[in-house]
Amino acid sequence: MKSGMMKYTIKKRETGPHFLIDYDGELNASQLEVVKTLEGPVLVVAGAGSGKTRTLIYRLARLIESGVSPANILLLTFTRRAAQEMMRRASALIDDRCERITGGTFHSVANLILRQWGSRIGLEPAFTILDRSDCEEVVQLLRQTLGLADKKRRFPRKATLVSMFSAARNRDLPLEELVEREYDQFSHEM
């Protein structure tokens, strides 16, 4: 086995009328509580190495074994790789139904939802997403085109402008009102 790789041994056996996994034997009491809670949200606060990922994988399997359709399960993670790995490991526990779970990063799933349903709120499905560096490039191009990038003139830097536009949008305020309210904060960033 390569260094840094972990070996997973999963015991599969019939433990009741429909469970393939011996959840009681595989998980500690805290993990088991999370996995067996099928109604409503569950908040898991635990330190590194405590088995959070393992718990989520078993929760996915338990939900499906309890009759929840994979199409009704949403797995959000911080990396695409983590979501794929969790769904792969959950599939290894029971079967390939876990691969039909909608999973990915917060951003990728939001993008998917907006492309599929955005027309209901007036958003065309062919929209473009600009990340922060894309936004700063556009703002810098506009600053140069308008002659506002000259160091002789006092005008906010591209990063400051992008922060201002973002804050105005996030707070649903006109830019002018945001600048009046937050002038001190933004004047330090200029």
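For clarity, every value in this text was computed on a predicted model and none was experimentally measured.
In this structure, N111 and F127 have side chains that are in contact, with non-hydrogen atoms separated by less than 4.5 Å. Side-chain contact between T102 and I73: absent, with no pair of heavy atoms (C-beta onward) separated by less than 4.5 Å. Residues V68 and L38 are not in side-chain contact: their nearest non-hydrogen atoms beyond the backbone lie 4.5 Å or more apart. Contact of the R100 side chain with the C98 side chain is not registered, since no non-hydrogen atoms from C-beta on lie closer than 4.5 Å.
Here the side chain of S108 pairs no donor or acceptor atom with the backbone of G104 at under 3.5 angstrom. A donor-acceptor pair is defined here as one N or O able to donate and one able to accept, closer than 3.5 Å; no such pair exists between the side chain of R89 and the backbone of Y58. Side chain of T79 to backbone of A82: a donor-acceptor contact under 3.5 angstrom is found. Side chain of T160 to main chain of P156: no donor-acceptor pair is present (N/O by atom type, distance under 3.5 Å, no hydrogens or angles). Checked by atom type and distance alone, the side chain of R59 pairs as donor or acceptor with a backbone atom of V34 at under 3.5 Å.
A salt bridge between R62 and E65 is absent, with no side-chain N of the basic residue lying under 4.0 Å from a carboxylate O of the acidic one. Taking 4.0 Å as the cut-off between side-chain N and carboxylate O, K158 and E137 do not count as a salt-bridged pair. A salt bridge links E177 with R181: the closest approach of a Lys/Arg side-chain nitrogen to an acidic carboxylate oxygen falls below 4.0 angstrom. Using a cut-off of 4.0 Å between Lys/Arg side-chain N and Asp/Glu carboxylate O, D24 and K36 are scored as salt-bridged.
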* Asked: Under the side chain to side chain contact (heavy atoms under 4.5 Å, CB included) criterion, do V139 and F165 qualify, and how do the steps go?
  -> CA-CA 10 Å; V139 167; F165 296 142; 4.1 Å; yes
* To do: Apply side chain to side chain contact (heavy atoms under 4.5 Å, CB included) to S66 and F19, showing your working.
  => CA-CA 8 Å; S66 296; F19 293 120; 3.7 Å; yes
* To do: Mind running side chain to side chain contact (heavy atoms under 4.5 Å, CB included) on L76 and L74 for me, showing each step along the way?
  => CA-CA 6 Å; L76 297 175; L74 176 62; 4.0 Å; yes
* **Derivation of the side chain to side chain contact (heavy atoms under 4.5 Å, CB included) call for D134 and V138** => CA-CA 6 Å; D134 293 335; V138 169; 5.7 Å; no
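Cluster annotation: L130 and L114 are assigned to distinct hydrophobic clusters (Ile/Leu/Val/Met/Phe/Trp/Tyr, side-chain heavy-atom contacts under 4.5 Å, transitive). Under a hydrophobic-cluster definition in which Ile, Leu, Val, Met, Phe, Trp and Tyr are linked whenever side-chain heavy atoms come within less than 4.5 Å, directly or via other members, V109 and W117 are assigned to the same cluster.
M87 contributes atom CE, which lies 7.0 Å from atom CD1 of I101 (distance to the nearest 0.5 angstrom). The OG atom of S166 lies 9.0 Å from the CZ atom of R171; values are rounded to the nearest 0.5 Å. For the atom pair CZ of R88 and CG of L93, the computed distance is 10.0 Å after rounding to the nearest 0.5 Å. Interatomic distance, CG of L142 versus CG of L161, reported as 9.5 Å (0.5 Å rounding). The CG atom of L32 sits 8.0 Å away from the CG atom of N28 when rounded to the nearest 0.5 Å. The line from CD1 of I64 to CD1 of I94 is 4.5 Å long, rounded to the nearest 0.5 Å.
For the residue pair L178 and A167, the shortest heavy atom distance occurs at CD2-CB, 3.8 Å. Here the shortest heavy-atom pairing between E99 and S91 reads CG-OG, 3.2 Å. When all heavy atoms of M86 and T53 are compared, the closest pair comes out as CG-CG2, 4.0 Å. The heavy-atom pair separating I21 from A61 by the smallest distance is CD1-CB, 3.8 Å. When every heavy atom of Q140 is checked against every heavy atom of A149, the shortest pair comes out as NE2-CB, 3.9 Å. Taking every heavy atom of both residues into account, T37 and E33 meet most closely at OG1-O, 2.6 Å.
For F78, the ring pair (Phe, Tyr, Trp, His ring centres under 6.0 Å) partners are F106, not counting sequence neighbours. Taking the side-chain hydrogen bond (donor to acceptor under 3.5 Å, both in side chains) definition, one finds that S133 meets it with D131, sequence neighbours left out.
The environment of CZ in R115 is crowded: more than 12 heavy-atom neighbours from other residues, nucleotides or ligands sit within 6.0 Å. With a 6.0 Å radius and a threshold of 12 heavy atoms from other residues, nucleotides or ligands, E124 has its CD atom at or below the threshold. Around atom CD of Q144, more than 12 heavy atoms belonging to other residues, nucleotides or ligands sit under 6.0 Å away. By the neighbour-count criterion of 12 heavy atoms within 6.0 Å, atom CZ of R132 is densely surrounded, having more than that number from other residues, nucleotides or ligands.
No side-chain donor-acceptor contact under 3.5 Å links S163 and R157.
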